[in-house]
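Below is one structure; the comments refer to it alone.
To find a chain, count down the sequence lines: A is the first, B the second, and so on, and within it residues start at 1. Source: prediction; values computed, not measured. Every heavy atom of this structure was used, including side-chain atoms; hydrogens, water molecules and symmetry mates were not.
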Amino acid sequence: MLDIKRIRENTLEVQAGLDKRGNYNLNPVLMLDEKRRKMLVNVEEMKNRQNIVSKEIPKLKKENKDCSQIFKEMKELSDKIKDLDAEIRLIDGDMRNQLLRFPNIPNAQVIVGKDEADNKEIRKWGEPRNFDFEIKAHWDIGVDLDILDFERAVKITGARFSMFKGEGARLQRALINFMLYTHCVEHHYTEISPPFMVNRESMTGTGQLPKFEEDAFHIPSKDLFMVPTAEVPVTNIYRDEILAEEDLPQYFTAYTPCFRQEAGSAGRDTRGLIRNHQFDKVEMVKFVHPDNSYEELEALTKNAEKILQLLKIPYRVVELCTGDLGFSSAKTYDIEVWMPSYNRYVEISSCSNFEDYQARRANIRFRDGSSKKTRFVHTLNGSGLAVGRTFAAILENYQQPDGTVTVPEKLTHYMWGKTVIGK
RNA sequence: GGAGAGAUGUCUGAGCUGGUUGAAGGAGCACGCCUGGAAAGCGUGUGUACAUGUAAGUGUACCGAGGGUUCGAAUCCCUCUCUCUCCGCCA
């Protein structure tokens with residue numbers, strides 16, 4: 001959420017930031033803000049009078065004076081206050097609703113651009129392998145090895161669901177364990193196993209609501225949402241809390257399944273594991289001091305890259321331009337893995353600095369040691385990594401002419417010693 | 001699911017027969033005194049948010065959340081959420 005004070009005092013700067021992202025008009029919210037403050041001053045004066053008189057009444061009563069005239073006057077005042085308060089409440093709700101629908105302002109350094117095409121490649125790692133045989137896509141490799149079963153998943157549930165079987169199920173779990181091990185032991189994150197359903201407040205805190213409700217799976221009987229990413233439960237760990245400055249930074253990692261409607265993606269990536277309603281992901285979340293959140297973003301991105309390096313799969317890192325930036329993000333690096341069947345790099349991780357945007361929505365603060373004032377923390381998160389897409393990348397990049405798949409060296413331990421799938 | 005109890009500031013814990021209560025007492029924390037140093041002791045201070053003001057300050061709101069009664073509500077009434085105890089059911 002954007003700060004109304006900042007909008008009020010630096011209107012042009014904020015407007016310029018929003019212009020980099022699309023069509024947003026600050027005027028309606030500014031007009032509400034002005035109206036609200038005028039009414040506030042007015043009603044607060046009235047309340048002040050009410051308080052002063054209220055304190056006098058017990059004294060007058062003690063002196064046995066007649067208060068009926070005052071009561072009558074105060075009743076009128078009280079009614080006026082109630083009307084004004086109700087009106088202000090309406091404006092408050094309206095304002096908040098509007099503020100929640102403004103995206104974050106991109107960091108000033110971020111490349112200004114329209115869409116994906118304007119993103120900038122930052123670095124590349126590894127060389128895509130040269131295959132001297134006809135390569136197969138992961139959905140064919142998986143089905144042929146009987147470790148993936150899409151048809152039965154569709155029967156059991158429906159389109160865009162998948163089922164892992166035997167060594168497939170094991171590989172899925174191996175990846176989760178390997179990623180968690182790496183982040184916990186080598187990168188010093190604390191593992192969280194959060195609830196897989198969250199309430200409306202949590203979804204609003206991280207920015208999924210109110211604007212993107214159609215993307216989420218909703219359970220009406222309880223008004224809960226299936227987590228679209230572990231970012232939601234984990235970032236909300238500290239919602240409405242004030243941390244001590246020395247508690248920062250805090251690093252968390254969490255495995256969860258992720259549930260997404262994929263509204264608006266009809267017809268895209270319909271085969272395989274790339275775009276499902278349910279997929280596994282290991283997520284990294286950081287709560288950091290505002291002064292060094294950009295160093296933390298670089299480190300977070302490297303932590304995600306480390307997984308692909310250890311798995312020896314080629315990838316590249318892309319900086320998103322302002323037009324391609326996620327709603328809540330101020331700066332984002334996407335990590336794209338080499339996917340032979342697509343013959344291009346495919347997004348496997350998105351690492352973002354939200355600055356104070358989520359912290360403001362979720363009201364996550366810390367107490368500044370020197371000024372004693374509360375400040376909003378900066379939140380960051382990144383996939384580390386999307387497990388389904390990593391699974392697909394392994395199948396495709398490690399496929400052999402005989403249809404088997406070599407297990408990446410780092411995973412054999414988690415695969416109970418298995419070095420080749422399909423043998 | 002049934003019956004009951006509760007939710008107060010960083011914590012603990014009063015108030016709950018409505019009126020100087022932002023909220024007693026205690027603990028913690030910060031600063032000062034004391035001390036060779038420390039502990040103890042003494043003193044002072046110690047919430048958040050919004051508005052207003054160049055500022056010091058001032059005002060308003062907040063005792064789980066939201067409504068209501070009243071001139072006035074932490075205190076009375078209603079609804080909801082959560083916690084605890086007992087019973088039932090259950091992985």
Test: A:R89 and A:D85 ion pair at under 4.0 Å:
no

Looking only at side-chain atoms of A:I57, point me to the closest of B:rG47, B:rA51, B:rC71.
B:rC71

Base-pairing mate for B:rG66 - Watson-Crick or G-U, with both contacts under 3.5 Å
B:rC78

Result for 5'-nearest mapping on RNA chain B, choosing between A:E45 and A:R8, is A:R8

Describe the nucleic acid contact of A:K38 in one word from base, sugar-phosphate, nothing, applying a heavy-atom distance below 4.0 Å.
nothing

Heavy atoms under 4.0 Å, any strand shown: does A:R360 hit a base, just sugar-phosphate, or nothing?
nothing

Nearest to the A:K75 side chain among B:rU70, B:rG47, B:rG19, which nucleotide is it?
B:rU70

Tell me the partner of B:rG19, counting only Watson-Crick (N1-N3 plus N6-O4 or O6-N4) or G-U wobble (N1-O2 and O6-N3) with both under 3.5 Å; none if nothing fits.
B:rC71

When you measure from the side chain of A:T322 to the backbone of A:K20, do you find a donor-acceptor pair of N or O atoms at a distance under 3.5 Å?
yes

Base-pairing assignment for B:rG36 (Watson-Crick or G-U wobble, both under 3.5 Å):
none

Salt bridge flag under 4.0 Å for residues A:D149 and A:K165:
no

May I ask you to say what A:L40 touches in the nucleic acid, namely base, sugar-phosphate or nothing, with a heavy-atom cut-off under 4.0 Å?
sugar-phosphate

Donor-acceptor contact present, side-chain A:S78 to main-chain A:M74, <3.5 Å
no

Using Watson-Crick geometry (N1-N3 plus N6-O4 or O6-N4) or G-U wobble (N1-O2, O6-N3), each under 3.5 Å, B:rG4 is paired with B:rC84

Classify A:R49 by what it touches in the nucleic acid, base, sugar-phosphate, or nothing, heavy-atom distance under 4.0 Å.
nothing

Heavy-atom nearest nucleotide on RNA chain B taken for A:K5 and for A:I242; more 5' hit belongs to A:I242

Using Watson-Crick or G-U wobble geometry with both distances under 3.5 Å, which nucleotide pairs with B:rC29?
B:rG45

Would you say the rings of A:H277 and A:F217 are close, in the sense that their centroids are separated by under 6.0 Å?
yes

Partner of B:rG59 under the Watson-Crick or G-U wobble criteria, both distances under 3.5 Å, comes out as B:rC50

Name the nucleic acid region contacted by A:K47, choosing base, sugar-phosphate or nothing; use a 4.0 angstrom heavy-atom cut-off, strictly under.
sugar-phosphate

